[in-house]
Amino acid sequence: MLQIQYIRENREKVLEGLKIRNFKNPELIAQAILVDEERRKLQTETETIKSEANNLARRIGEHFKKGEKDQAEALKLETRLLKDKEKDIDTKLSELTVSIHDILVQIPNIPYSLVKQGKSAEDNEEVFTSGPASSGTFAPHWEVAAKHKLIDFEAGNKITGSGFPLYCNGGAKLQRALINFFLDEAVKAGFSEYQTPLLVNEESAYGTGQLPDKEGQMYHVTADNLYLIPTAEVPLTNIFRDVILKAEELPLKITAYSSCFRREAGSYGSDVRGLNRLHQFDKVEIVIVAHPDHSYNTLEMMVAHVKSLIEKLELPFRILRLCGGDMGFTSAMTYDFEVFAPGQSRWLEVSSVSNFETFQANRLKLRFRNEETKKTQLAHTLNGSALALPRIVAAILENHQTPEGIRIPAALVPYTGFEILK
RNA sequence: GGAAAGAUGGCAGAGCGGUUUAAUGCGGCGGUCUUGAAAACCGUUGAGGGUAACACCUCCGGGGGUUCGAAUCCCUCUCUUUCCGCCA
C-alpha cells in the first residue's frame with residue numbers, strides 16, 4: 001500500500017508510474033487526495049473539540065475538589081454540547097478513514113525507473129540468457145517420471161486430488177536433495193535459516209498483500225480462520241510486522257524452506273500437465289529487509305544468487321525484467337527466472353525476485369531508525385524464490401536425460417548420493 | 001478440553017475514577033569529573049498524527065460501553081502463565 005502523504009506530494013510521479021503499469025483506474029489518485037483532504041480537515045476539527053473538552057474536564061475536577069458543585073455542574077452542560085458535536089464529526093471521520101483505505105488498497109506499487117511500459121508477458125525484457133539449450137529429442141518430464149517411477153500422479157489424485165503429486169523413491173530423494181542444496185547455498189550467501197508456520201492468520205495475509213485481493217488463491221481453514229501459506233514470504237516477512245529495526249541490522253537476510261499451497265482456480269490445459277502447476281509444492285524462499293538507499297543493489301545480489309543456483313544445476317535459463325503490465329501488484333521491480341524444458345519446448349518460471357520498496361513495509365509497519373534524521377522510516381522489503389522445486393525437477397528430468405537415466409548435476413551429487421537417477 | 005490468574009514504555013515493575021500531562025529501577029544516549037576508563041553525579045530517553053516551529057490530538061493486549069473525566073469501573077474477544085486432562 002502506498003502512503004497517502006507520498007501520493008499527495010508526488011501526484012504526477014504516481015500517475016506516470018501507473019501509466020507504465022497500464023493501470024486502468026488512475027482516477028483513484030484524485031479520489032484519494034480529495035478524500036484525504038476532507039479527512040484531515042475533519043481531524044483538525046475533532047481535535048480542537050477534544051482539546052476543549054479535555055480542558056473543561058480538568059476544570060470540573062478542580063471545582064469538585066474545592067467543593068464548588070454549582071460551577072462544576074454548569075461546566076458539565078457545556079461539555080455535553082461539545083460531545084454531541086464531536087460524535088458527529090467522529091462518525092464522518094471514521095467513514096472517510098475507511099473509504100480512503102479502500103481506495104489505497106486498490107492502487108498498485110509504482111514501478112522503478114528501469115521498468116518499461118508494457119501490457120503483458122510479451123513485453124518483458126530479456127536481460128540474460130544462458131545460451132542455446134542442448135539439441136536432440138527429449139521426452140516431457142511426466143513420461144520420464146513415469147518410466148523411472150519417480151512421481152505417482154494417480155496416487156496423489158486418489159489421496160487428495162489433482163495437483164498433489166506423490167513423489168516416490170528416487171523422486172522423493174531428489175526433492176530432499178534439492179531442498180538441502182538450496183538451503184545450504186542460501187546460508188553460505190549469508191541468509192539465516194528459519195522454519196515457519198505453514199498456516200497464517202488474517203493479519204499476516206493482509207500484511208504481505210495476499211488479502212484482500214488474492215483471497216481466492218489461498219486455502220482457507222474456516223474453522224480457525226487461518227490460511228495455508230501460498231509462499232514462505234508470508235510468514236517470513238510478517239516476522240517484521242510492527243517492528244522497528246536498528247539501522248545497523250540492515251540488510252537483514254533470512255531464508256526458509258516450506259511447502260506452499262495454492263488453489264490455482266481457473267488453470268487448465270497443458271499449463272497444469274505434470275509438475276508445471278501444482279496445488280502443493282516445495283520452495284526455498286529468500287527475504288531481505290534493506291535500507292532504502294541500498295535496496296536495488298540488494299536486488300542485484302539476490303539475482304546473482306538465484307543465477308548461481310540454476311547454473312550449478314546446469315540448466316538452460318533466461319532472466320526477464322518484467323514490464324509494468326506483467327508485474328505483481330505489490331512489486332516495484334521484478335526479475336523472473338525461466339528454465340527451458342526441452343521435452344515440452346517451453347520456458348518454465350522457477351523464480352521471481354522482487355523489490356517491494358516500502359509497499360509491504362507500509363502495511364506491516366516495518367521501520368528502522370534513521371541515524372541521521374533520528375526518526376523512524378519505512379524499510380524496503382525484497383524477496384525471491386531460491387528456488388521453487390517442481391519446475392526445477394521437471395527441467396532436470398527433461399534436460400539431463402541419458403540412455404542410462406537422469407544425470408544428476410555435479411553440485412547436487414553430494415546431496416543425492418547418486419550420479420544417475422533411474 | 002476444564003479451572004484459576006494475568007496482559008502497562010527496550011526490559012522489570014507501581015498505579016485500580018481527577019497533582020499519571022504513566023512513579024521507580026535497569027538498560028540506552030549526552031554531559032561533568034578523569035591522561036583514559038570505571039564509579040559517582042547531572043541531564044535525556046516510546047509510537048503515530050499535526051505544525052514553518054510551537055500548540056494540540058491519539059495510543060496502558062483488541063473492540064465496545066458507563067462518566068464532565070477511564071490505565072483504573074462494566075461487557076466482549078484474543079493471547080499468556082500456572083494446575084488438571086489428552087497427546088506426536
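Chain A is the first sequence line, chain B the second, and so forth, proteins listed ahead of strands; every chain is numbered from 1.
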Novice: Could you give the distance separating B/C42 and B/G48 at their P atoms, to the nearest angstrom?
Specialist: 31 Å

Novice: Just to verify, what does A/Phe337 make a ring pair (Phe, Tyr, Trp, His ring centres under 6.0 Å) with, not counting sequence neighbours?
Specialist: none

Novice: Can you tell me how far P in B/G65 sits from the matching atom in B/A71, rounded to whole Å?
Specialist: 15 Å

Novice: Under a cut-off of 3.5 Å for both distances of each Watson-Crick or G-U pair, what dot-bracket string does RNA chain B give, using [ ] for crossing pairs and | for inter-strand pairs?
Specialist: ((((((((.[[[..)..(.....]]]((((((.......))))))((((......)))).[[[[[..)....]]]]])))))))....

Novice: Decide if atom CZ of A/Arg40 counts as having more than 12 heavy atoms of other residues, nucleotides or ligands within a radius under 6.0 Å.
Specialist: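 Buried by this count: over 12 neighbours within 6.0 Å.
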
Novice: Run the salt bridge (Lys or Arg N to Asp or Glu O under 4.0 Å) test on A/Glu285 and A/Lys283 for me, step by step, so that the C-alpha distance in whole Å, both residues' side-chain angles and the decisive distance to 0.1 Å come before the verdict.
Specialist: CA-CA 6 Å; A/Glu285 183 79 0; A/Lys283 181 160 64 67; 2.6 Å; yes

Novice: How many whole angstroms separate atom CD of A/Glu202 from atom C1' of B/C79?
Specialist: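 Going from CD in A/Glu202 over to C1' in B/C79 covers 16 Å.
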
Novice: Determine the interatomic distance between P on B/U58 and the same-named atom on B/A40; round to the nearest Å.
Specialist: 40 Å

Novice: Are any side-chain N or O atoms of A/Asn362 and backbone N or O atoms of A/Thr358, one a donor and one an acceptor, separated by less than 3.5 Å?
Specialist: no

Novice: Looking only at atom P, what distance separates B/C41 and B/G50, rounded to whole Å?
Specialist: 42 Å

Novice: What is the distance, rounded to the nearest whole Å, between atom CG of A/Leu77 and atom C1' of B/U67?
Specialist: 15 Å

Novice: Give me the distance, rounded to whole Å, that separates B/U20 from B/A70 when you measure between the P atoms they each carry.
Specialist: 16 Å

Novice: NA contact type, A/Leu75, heavy-atom cut-off 4.0 Å: base, sugar-phosphate, or nothing?
Specialist: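 No contact.
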
Novice: In whole angstroms, how far is the C1' atom of B/U67 from the NZ atom of A/Lys76?
Specialist: 8 Å

Novice: Can a donor-acceptor pair be found, under 3.5 Å and without considering hydrogens, that links the side chain of A/Arg321 to the backbone of A/Glu125?
Specialist: no

Novice: Rounded to whole Å, please give me the gap between CG in A/Asp90 and P in B/G65.
Specialist: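 One finds 11 Å between P of B/G65 and CG of A/Asp90, rounded.
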
Novice: Using modelled atom types only, decide if a donor and an acceptor are shared between the side chain of A/Asn109 and the backbone of A/Phe356 within a distance under 3.5 Å.
Specialist: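 At least one qualifying donor-acceptor pair exists.
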
Novice: Between A/Asn54 and B/C56, is there a contact of a side-chain N or O with OP1 or OP2 at under 4.0 Å?
Specialist: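 False: A/Asn54 side-chain N/O out of range (4.0 Å or more) of B/C56 OP1/OP2.
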
Novice: Quick one: sort the A/Tyr227 and A/His220 rings into parallel, tilted or perpendicular, breaks at 30° and 60°.
Specialist: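 Parallel.
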
Novice: Between A/Lys119 (side chain) and A/Gly325 (backbone), is there a donor-acceptor pair under 3.5 Å?
Specialist: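 Looks like no, no N/O pair under 3.5 Å.
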
Novice: Check for me whether the distance between the ring centres of A/Tyr296 and A/Tyr112 falls short of 6.0 Å.
Specialist: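 When the ring centroids of A/Tyr296 and A/Tyr112 are compared, they turn out to be within the sub-6.0 Å range.
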
Novice: Please compare A/Thr46 and A/Ile60 by the position of their nearest nucleotide in RNA chain B and report the one closer to 5'.
Specialist: A/Thr46

Novice: Looking only at atom types and distance, does a side-chain atom of A/Glu16 sit under 3.5 Å from a main-chain N or O of A/Lys13, one as donor and one as acceptor?
Specialist: no

Novice: On RNA chain B, check which nucleotide each of A/Lys50 and A/Gly61 is closest to and give me the residue with the more 5' one.
Specialist: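 The residue closer to the strand's 5' end, by nearest nucleotide, is A/Gly61.
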
Novice: When the P atoms of B/G43 and B/A23 are considered, how many whole Å apart are they?
Specialist: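 Comparing P positions in B/G43 and B/A23 gives a spacing of 15 Å.
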
Novice: When the C1' atoms of B/C16 and B/C84 are considered, how many whole Å apart are they?
Specialist: 31 Å

Novice: Any chance you could list the contact pattern along nucleotides 44-51 of chain B? Use B for base contacts, S for sugar-phosphate-only contacts and - for none, protein heavy atoms under 4.0 Å, 5' to 3'.
Specialist: ---SSB--

Novice: Whole angstrom is fine here: how far is it from CG in A/Leu82 over to P in B/C57?
Specialist: 13 Å

Novice: Whole angstroms only, please: what is the CG-C1' distance between A/Leu226 and B/U78?
Specialist: 13 Å

Novice: Can you tell me, in whole Å, how much space there is between the P of B/G6 and that of B/C74?
Specialist: 12 Å

Novice: Whole angstroms only, please: what is the CD-C1' distance between A/Glu203 and B/U78?
Specialist: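 A/Glu203 atom CD is separated from B/U78 atom C1' by 10 Å.
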
Novice: Grab the CZ-P distance between A/Phe368 and B/G10 for me, whole Å please.
Specialist: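 Nearest whole value for this atom pair: 19 Å.
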
